[in-house]
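It should be emphasised that the depicted structure is a prediction, and the values quoted were computed from it without experimental measurement.
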Amino acid sequence: MKTMNFKIGIFLTALVMLSCGGEKKKEIASSGEEAKEESSKLTIEKPQLTFGFIKLTDMAPLAIAKEKGFFEDEGLFVSVEAQSNWKNVLDRVIDGQLDGSHMLAGQPIAAGAGFGRQAELVTPFSMDLNGNGITVSNDVWSKMKPNVPKGEDGKPIHPISAEALKPVIESYKNEGKAFKMGMVFPVSTHNYEIRYWLAAAGINPGMYSKDNIQGQIDAEVLLSVTPPPQMPATLEAGTIYGYCVGEPWNQQAVFKGIGVPVTTNYDIWKNNPEKVFVMTKKFVEQYPNTATAVTKALIRAGKWLDTPGNRKEAVKILSMPEYVGADEAVLANSMTGTFEFEKGDKREMPDFNVFYRYDATYPFYSDGIWFLTQMRRWGQIPESKPAEWYDKTIKDIYRPDIWTKAANLLVAEGYLEASELPKTDGYKPATTDFIDGNKFDAKDPIGYINSFGIGNKENVEGVSSIEK
């Protein structure tokens with residue numbers, strides 16, 4: 001019996017030792033994985049950050065990075081604060097009151113190209129594609145509608161050209177009234193998109209000059225600045241007759257029954273860049289790891305937003321008062337893959353808001369150069385520039401190197417696949433995906449500027465001239 005107990009004791013001891021050894025191996029393996037994960041983490045120089053935004057749906061990557069814990073995963077403790085207007089956003093980033101911000105793509109470009117307040121700003125992250133619309137008042141739409149071709153279902157055929165607006169502008173002129181429309185900022189995508197739409201139909205939206213920065217020289221339509229959240233109220237008051245703005249402020253006009261969106265920027269330029277995330281050059285040089293970590297969190301947020309099934313949750317988050325604060329129904333109209341034109345005319349538009357697909361987060365040089373060509377076209381850049389100036393200028397502002405470092409770290413951590421990173425020299429291929437079919441080749445900015453009938457043109461000697 002003693003022999004039997006002795007053998008059982010030995011057996012149990014062996015089991016315990018094997019168990020401990022197994023646990024030890026698990027601990028070693030676990031600590032190894034933790035060490036690997038820890039080694040891929042960046043040493044954050046400035047963990048406490050404050051970012052700005054304007055109440056638009058395309059601020060979504062900031063809200064999602066915060067609410068889903070992507071910033072915290074990077075060791076960042078971020079506050080996001082709504083700003084009153086785009087000028088305030090720009091000034092507060094330049095002055096260091098904000099560490100970074102959701103910003104109009106044209107703002108860092110103008111700041112480095114000589115229009116408006118000058119500063120060294122950079123963007124490592126493009127926040128979205130598309131997302132804007134052009135809305136007119138009910139009265140203007142009633143006058144435009146007879147000029148718009150209809151389909152077999154009796155509904156207007158899209159895209160709607162500004163040709164349908166020409167007789168309306170003429171009727172206002174005959175009544176001695178200027179035709180007034182709003183856009184959100186002189187260097188906003190919205191300004192260039194509404195100008196592009198009008199000019200494609202032969203309507204002069206006005207020119208800027210060195211001495212006249214109102215942009216209304218020889219204008220057939222007077223464009224002026226209105227902050228995005230104020231657009232519907234300004235339209236309802238009759239101060240303007242239409243506007244170009246991001247969501248949810250086009251759908252808000254439909255919701256309130258005061259206006260009708262007539263086109264989207266997807267139809268003006270398919271999959272066009274919209275907002276960017278901006279920091280100062282000083283910030284990214286002083287805190288390079290922090291800048292990379294911020295970019296990592298935003299890339300993850302963009303991917304989350306474009307993952308099927310997440311948009312309804314995104315709408316709930318954006319409807320919170322600290323973010324966009326609009327009704328969920330209004331936000332969902334565009335954020336969940338549809339867009340409503342006339343009340344009841346809701347159409348499928350899966351690419352109206354794009355946050356990750358089509359390499360949406362990558363800051364392409366070619367996107368930035370398009371903005372530079374429009375600044376030159378309309379006179380915000382008053383003097384001729386050689387082609388190489390466009391390339392050099394944008395490479396000081398758009399920073400795909402930061403994006404690439406961030407994305408490679410995300411690949412190493414398993415958040416991205418290597419196949420998701422674009423293989424590019426920073427330039428997209430030439431495209432004709434515009435409402436007028438015009439070809440844009442970012443490597444030939446002078447040729448592109450000269451291809452338009454309305455706006456500045458460069459002659460062979462490089463001296464500017466204006467055609468109207």
Side-chain angles (χ1 to χ4, degrees), residues 42 44-108 111 117 119-128 131 184-185 188 227-229 246 273-305 314 317-325 355-356 360-361 363 397-399 402-403 406:
L42 297 160
I44 303 301
E45 307 96 345
K46 188 179 184 187
Q48 298 281 349
L49 301 167
T50 302
F51 297 147
F53 71 94
I54 295 290
K55 291 196 169 194
L56 294 158
T57 56
D58 53 28
M59 66 76 60
L62 277 172
I64 297 306
K66 181 172 175 61
E67 294 296 321
K68 303 303 290 186
F70 300 154
F71 283 135
E72 285 190 22
D73 287 350
E74 299 298 329
L76 303 171
F77 304 95
V78 174
S79 298
V80 291
E81 298 179 357
Q83 307 297 305
S84 58
N85 57 64
W86 291 116
K87 183 181 183 303
N88 194 44
V89 165
L90 181 69
D91 289 342
R92 294 196 75 200
V93 170
I94 293 172
D95 295 339
Q97 297 172 56
L98 295 172
D99 297 299
S101 186
H102 164 234
M103 203 177 282
L104 298 162
Q107 286 186 287
R117 186 176 178 185
E120 292 184 311
L121 302 175
V122 299
T123 177
F125 180 82
S126 177
M127 296 194 73
D128 65 318
V184 307
F185 203 66
S188 66
E274 182 41 34
K275 303 297 191 307
V276 291
F277 183 77
V278 176
M279 297 173 276
T280 63
K281 183 180 178 182
K282 179 182 177 182
F283 183 96
V284 301
E285 289 178 347
Q286 191 171 356
Y287 312 117
N289 288 346
T290 304
T292 301
V294 169
T295 307
K296 286 177 67 184
L298 291 174
I299 292 172
R300 287 183 65 191
K303 183 170 183 175
W304 186 91
L305 280 159
I317 291 169
L318 291 175
S319 70
M320 294 162 63
E322 60 265 42
Y323 297 123
V324 181
F355 294 98
Y356 186 75
T361 64
I397 301 161
Y398 274 40
R399 294 290 301 274
I402 298 173
W403 185 96

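- Contact between Leu298 and Ala65 at its shortest, heavy atoms only, is CD2-CB, 4.3 Å.
- Summarising the geometry, atom CZ belonging to Phe277 is positioned 12.5 Å from atom CD1 belonging to Ile299; distances are rounded to the nearest 0.5 Å.
- Taken from CE in Met127 to CG in Leu305, the straight-line distance is 9.0 Å, to the nearest 0.5 Å.
- When atom types are taken as modelled, the side chain of Ser126 and the backbone of Ala360 share a donor-acceptor pair closer than 3.5 angstrom.
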Using the rule given for side chain to side chain contact (heavy atoms under 4.5 Å, CB included), can you reason through Thr280 versus Leu121, listing the C-alpha separation, both sets of side-chain angles and the distance that settles it, and then say yes or no? CA-CA 4 Å; Thr280 63; Leu121 302 175; 3.8 Å; yes
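- Between the side chain of Asp128 and the main chain of Phe355, no donor-acceptor pair closer than 3.5 Å is present.
- Between Asp99 and Lys46 the shortest side-chain heavy-atom distance falls below 4.5 Å.
- With hydrogens and angles ignored, the 3.5 Å screen pairs no side-chain donor or acceptor of Ser79 with any backbone N or O of Thr50.
- The minimum heavy-atom distance linking Ile317 with Ala63 is given by the pair CG2-CB, 4.1 Å.
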Between Ile54 and Met59, is a side chain to side chain contact (heavy atoms under 4.5 Å, CB included) present by the stated rule, with each step listed? CA-CA 7 Å; Ile54 295 290; Met59 66 76 60; over 6 Å; no
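- No more than 12 heavy atoms of other residues, nucleotides or ligands shown are found within 6.0 angstrom of NZ on Lys87.
- Considering CG of Leu90 and CZ of Arg117, their distance stands at 6.5 Å, rounded to 0.5 Å.
- Contact check for Phe283 versus Thr290: side-chain heavy atoms found under the 4.5 Å cut-off.
- Glu45 places a side-chain heavy atom less than 4.5 Å from the side chain of Pro288.
- A donor-acceptor pair under 3.5 Å is absent between the side-chain atoms of Glu74 and the main chain of Val294, judged by distance alone.
- Scanning both residues, Tyr323 and Phe53, for their nearest heavy atoms gives O-CE1, 3.6 Å.
- At distances below 3.5 Å, not a single donor-acceptor pair connects side-chain atoms of Asp95 with backbone N or O atoms of Gln97.
- Without hydrogens or angle criteria, Ser188 side chain to Leu104 main chain gives no donor-acceptor distance under 3.5 Å.
- Here the straight-line distance linking atom CZ of Arg399 with atom NZ of Lys281 works out to 8.0 Å at 0.5 Å rounding.
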Mind running side chain to side chain contact (heavy atoms under 4.5 Å, CB included) on Tyr398 and Val276 for me, showing each step along the way? CA-CA 10 Å; Tyr398 274 40; Val276 291; 4.0 Å; yes
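- Taking OG of Ser101 as the reference point, atom CH2 of Trp86 lies at 6.5 Å (rounded to 0.5 Å).
- You'll find the side chain of Thr123 stays beyond 4.5 Å of the side chain of Met103, heavy atoms only.
- The nearest pair of heavy atoms linking Trp403 to Pro124 is CB-O, 3.3 Å.
- Shown here for Leu318 and Ala60, the closest heavy-atom pair between the two residues is CD2-CA, 3.9 Å.
- Looking at Lys55, its side chain does come within 3.5 Å of a backbone N or O of Pro321 through a donor-acceptor pair.
- A donor-acceptor pair under 3.5 Å links the side-chain atoms of Lys66 to the main chain of Val78, judged by distance alone.
- Side-chain contact between Val93 and Gln107 is absent, with no heavy atoms from C-beta onward closer than 4.5 Å.
- The distance from atom CG of Leu49 to atom OH of Tyr287, rounded to the nearest 0.5 Å, is 9.5 Å.
- When all heavy atoms of Glu274 and Ala105 are compared, the closest pair comes out as O-CB, 3.1 Å.
- Atom CD of Glu67 has more than 12 heavy atoms from other residues, nucleotides or ligands within 6.0 Å.
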Under the side chain to side chain contact (heavy atoms under 4.5 Å, CB included) criterion, do Asp73 and Lys296 qualify, and how do the steps go? CA-CA 10 Å; Asp73 287 350; Lys296 286 177 67 184; over 6 Å; no
